[in-house]
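In what follows, a structure is listed as structure tokens, so that the remarks can point back to it.
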Amino acid sequence: MDERNDDESIGTLAARAVADARAYADAEVAYWKALALDRLGDARAALILGGIVFLFAQAAAIALIVGLVLILSPHVGPGLATLIVVLAALLVAGLAGAAAFRRFRRATRPRHKP
């Protein structure tokens with residue numbers, strides 16, 4: 001049956017319960033710390049890969065812009081081709097910036113506004 005020692009006092013049992021609770025709390029803290037460090041490693045890898053993606057996307061955008069200038073140069077001349085491509089790129093950047101600004105304003109609006 002039950003092999004408990006009936007000679008243990010209430011104080012001993014309470015001390016054991018406190019020690020068990022402390023061990024449980026320490027185990028929970030260790031678990032959450034390990035989980036946080038694991039997630040931090042994943043986030044770090046994602047940031048590094050995101051940086052690599054950004055660099056290659058930027059290189060591709062530069063190649064596209066140079067290609068557009070080269071394509072337009074025989075038709076309108078190099079100066080006007082450069083101007084057309086730069087204005088088009090600035091227009092796209094302006095539209096994307098305006099959209100980002102609207103999203104930022106929406107994300108930082110006060111709680112009581114929809």
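For reference, positions follow the sequence shown, starting with 1.
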If you define the side chain from C-beta out and look only at heavy atoms, does anything of [X] sit under 4.5 Å from [Y]?
X	Y	value
L37	K33	yes
L83	V86	no
L35	Y31	yes

Working to the nearest 0.5 angstrom, can you tell me the gap between [X] [atom1] and [Y] [atom2]?
X	Y	atom1	atom2	answer
R16	T12	CZ	OG1	7.5 Å
L80	L87	CG	CG	9.5 Å
L13	D20	CG	CG	10.5 Å
R106	F101	CZ	CZ	15.0 Å

| task | Identify which one of V69, L64, V66, I71 satisfies the side chain to side chain contact (heavy atoms under 4.5 Å, CB included) criterion when paired with V85. | result |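 It is V69; the other options fail the test.
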| said: Hydrophobic clusters here meaning ILVMFWY residues chained together by side-chain heavy-atom distances under 4.5 Å, can you tell me if I48 and F56 are in one? | reply: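 In one cluster: yes.
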| Any link between W32 and L40 through a network of hydrophobic side chains (Ile, Leu, Val, Met, Phe, Trp, Tyr) touching at under 4.5 Å? |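 Result: no, two separate clusters.
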| request: Specify the closest pair of heavy atoms between P78 and S73, including all atoms of both residues, with the distance to one decimal. | output: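 The answer is CA-OG, 3.6 Å.
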